[in-house]
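Worksheet: the structure to be examined is printed underneath.
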Number of protein chains: 2
Amino acid sequence: MVRGARNEGGRLFGALSRLMAMPLHALAADALPSWNEGPVKQAIIDFVARATTKGGAGFVPPEARIATFDNDGTLWPEQPLVQGAFMLKPLRSRVKEDPSLAKRQPFKAILEGDLSELSTMDKSKLMKVLGVTHAGMTEEAFIRKVRAFFQHARHPRWSVPYNQLAYAPMLELLRYLRANGFQTWLASAGGIDFMRVISEDTYGIPPQQVIGSHLKKTFDDAHAPSVLRREARVAHVNDKAGKPVGIDEHIGRRPVFAAGNVRSGGDIQMLQYTRKRPRPGFALLIHHDDAAREFAYEEKDGASLKAAREGGWAVVSMRRDWRRIFDETRARTGNGRG
Amino acid sequence: MVRGARNEGGRLFGALSRLMAMPLHALAADALPSWNEGPVKQAIIDFVARATTKGGAGFVPPEARIATFDNDGTLWPEQPLVQGAFMLKPLRSRVKEDPSLAKRQPFKAILEGDLSELSTMDKSKLMKVLGVTHAGMTEEAFIRKVRAFFQHARHPRWSVPYNQLAYAPMLELLRYLRANGFQTWLASAGGIDFMRVISEDTYGIPPQQVIGSHLKKTFDDAHAPSVLRREARVAHVNDKAGKPVGIDEHIGRRPVFAAGNVRSGGDIQMLQYTRKRPRPGFALLIHHDDAAREFAYEEKDGASLKAAREGGWAVVSMRRDWRRIFDETRARTGNGRG
């Protein structure tokens, strides 16, 4: 008995030792349960295993484990574009002051409720709308408006607040990367201050890890407390070739992991920037091909999918690769931190 | 005996419980040994104790523990201005191509070796020099030049590499704040890419927590690998009213702790931005009054010291408050991570 117990203890100790020696990614039974088994899921797991295996050829030191994610269409739906819906009400107010706006694009499309049009609109035009609808006010006043929007507005199809529609597979991926020492960043064409209001609760990404388009701001200390005031002038459009520029300004390192989606080619440069380095990083491109559970749309010129083929990126078919799109539990509680 | 042992154990357990309940700052015998005892050191310790005491009136939740530090004159000497020294050699080369530069300010002063002049120069002028000396090249080429500078250049007075002259009391303060859950950031008027090369090794601050002035960059993917190219155009001057703007863009929260120094009034707005909030933060202003161990200089209009009096900031007298200025051990090894 004593001997048996000792062996038992020996075996237990051995098992524990092996367990302690295993990298974290191997411990979890399945860190990505919302992903169907297949080449994309396997490629992600293989990349993370290589990146965290000390001494291996693909090892990435912890300080270089930078992962950047587009937001609209990559982490949550972009039909309609969430920030477009946010602009609708203040734009209507502005039109009362200046009716000529209603005849000009892109204002006309937004006012006619054609938010799907907004989803293919150039982001610099969107920022102009933001300049018309949300300039002049202080940073604090803007943040209050964003908070109110996420509390009251509902998605036209699912009737839940927009920030409860984050994709479940992508929330798992964010948590999985963080558990393996990656720093996760938003690098979106959307407005930086708009996303910062919800980034921490929705994605577990703090405001200081958000990169986005923004208006020029000025510091106004004429009265106490001093404020930052938003000008009606675009300072940076974080789309297309603007994405690597924004990433460089905020992070100062090339990401080793980046995720974007098919729609306007807005993520191509970010994904190329990640891949084109001495040791290639991981590029993930999401293809919206699931009209039943979300939406199905293609890019007119097919540029993103073409770049993916040429660059050897992992292409996610939402229909085939994702077991589920949304987390219904999460949609009820609204708490995304893992 | 049994009873005595139990009491012993009880006392030990009680002591351990009390120890576990104490915040980290109280555990260290003296986390700031290079600081002389006095009102400034005490004010720092009191602020950190309040910020980390749960349920107390001054408690700051961990995610809001943002501390920003100016660099030149706050974390290391600014006589001469380090980035000015860095620009000297390439400026001489440029003058060979265009001799007219040598007659124009601020180029004339730099070429005459008058780097002390540079220390009081407007930072937007300095950025123009950078546009002349370091534009056109890729990000990678610029970084190689910065690395070479820190390897070979020596401070004219102490004959050591510039990045080995970080102030010992400030390195302790950075470590002390981090040990208490603060995120430490550089928020300097210096060039962002220049500081990023040395920020991690010198201050324990990773590149993604550096805010600074910068030239406009463009993404160039004509050849693989894609590169970022520096244009001869200033995108942001992170000085004076530009500091809160840069901080907002990178962090998206008001700092609760900020440190700057007397020289040009360049840190006043950052310190005001930190203080002017519902719950005032901590503002630290360093006064250079130690000609024997470092340098002594005053501001012509006394604006920073006046703002400190009005705002109730803590003013550091380098002569009185700092037991030592530099860490000689550190200067030999060049390793600043604690």
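Lettering follows sequence order; numbering is per chain, from 1.
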Query - Student check: side-chain heavy atoms of B:His250 and A:Pro207 closer than 4.5 Å - result: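 The answer is no, as the side chains (C-beta and beyond) never meet within the 4.5 Å cut-off.
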Query raised in the report: So, do B:Leu228 and A:Val245 sit near enough that their side-chain heavy atoms are less than 4.5 Å apart?
Result: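 Side chain of B:Leu228 against side chain of A:Val245, heavy atoms only: contact under 4.5 Å found.
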Query raised in the report: side-chain hydrogen bond (donor to acceptor under 3.5 Å, both in side chains) between A:Glu249 and B:His214: does it pass, once the steps are laid out?
Result: CA-CA 9 Å; A:Glu249 194 190 321; B:His214 51 96; 3.2 Å; yes
Query raised in the report: Looking at A:His236, A:Lys243, A:Lys217, which makes the most heavy-atom pairs under 4.5 Å with chain B?
Result: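 Option with the top pair count is A:Lys217.
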Report task. For A:Glu200 and B:Arg253, run salt bridge (Lys or Arg N to Asp or Glu O under 4.0 Å): C-alpha distance rounded to whole Å, both residues' side-chain angles, the deciding distance at 0.1 Å, then the answer. Result -> CA-CA 13 Å; A:Glu200 186 130 41; B:Arg253 304 189 205 259; 3.0 Å; yes
Query raised in the report: CG/A:Asp221 to CD1/B:Ile268 distance, rounded to the nearest 0.5 angstrom?
Result: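 These two atoms lie 9.5 Å from each other.
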Requested in this report: Drop me the distance from B:Met270's CE to A:Ser226's OG, to the nearest 0.5 angstrom.
Outcome: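 Interatomic distance, B:Met270 CE to A:Ser226 OG, rounded to 0.5 Å: 12.5 Å.
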Report task. Apply salt bridge (Lys or Arg N to Asp or Glu O under 4.0 Å) to A:Glu139 and B:Arg254, showing your working. Result -> CA-CA 11 Å; A:Glu139 192 54 26; B:Arg254 286 195 185 218; over 6 Å; no
Requested in this report: With side-chain hydrogen bond (donor to acceptor under 3.5 Å, both in side chains) as the test, would you mind laying out the steps for B:Gln208 and A:Gln209 before giving the verdict?
Outcome: CA-CA 9 Å; B:Gln208 59 265 45; A:Gln209 285 165 222; over 6 Å; no
**Report entry** Per-residue contact mode, B:Ile66 against chain A (heavy atom under 4.5 angstrom)
**Finding:**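 Just its side chain gets close to chain A.
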Report task. Pick one of side chain, backbone, both or neither for B:Ile251, based on which atoms fall under 4.5 Å of a heavy atom in chain A. Result ->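 Both parts, backbone and side chain.
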